[in-house]
Amino acid sequence: MEPRQRGQSTLEWVIGAAIILGTLVVGIMAWNHGLVLKMDGLVQQLTQTQ
């Protein structure tokens, strides 16, 4: 009984870690996309003024 309970808790931990890491990856990708859009807007402003 003891190894089965330990295996279940390990599996739950792995699933939880995967969810947290997936959320972080999505957040970082969205943040990077926002930075790219902001930098693109700045570049366009710079090229229009010259």
Side-chain angles (χ1 to χ4, degrees):
M1 236 349 144
E2 189 66 34
R4 184 180 177 118
Q5 289 177 347
R6 183 175 179 178
Q8 286 176 341
S9 63
T10 301
L11 180 61
E12 291 170 357
W13 185 87
V14 169
I15 291 171
I19 291 170
I20 291 170
L21 288 175
T23 303
L24 284 173
V25 167
V26 169
I28 290 170
M29 289 175 64
W31 184 68
N32 283 339
H33 183 67
L35 282 179
V36 168
L37 291 176
K38 186 178 274 190
M39 289 176 67
D40 186 42
L42 290 173
V43 169
Q44 286 181 2
Q45 286 180 358
L46 288 173
T47 55
Q48 288 174 356
T49 57
Q50 291 179 349

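Contacts of Ile28 classified as side-chain contact (heavy atoms from CB on, under 4.5 Å), with partners at least two apart in sequence or in another chain: Asn32.
Taking CG of Leu24 as the reference point, atom CE of Met29 lies at 13.0 Å (rounded to 0.5 Å). Leu37 CG to Leu42 CG: the interatomic distance, rounded to the nearest 0.5 Å, is 11.0 Å.
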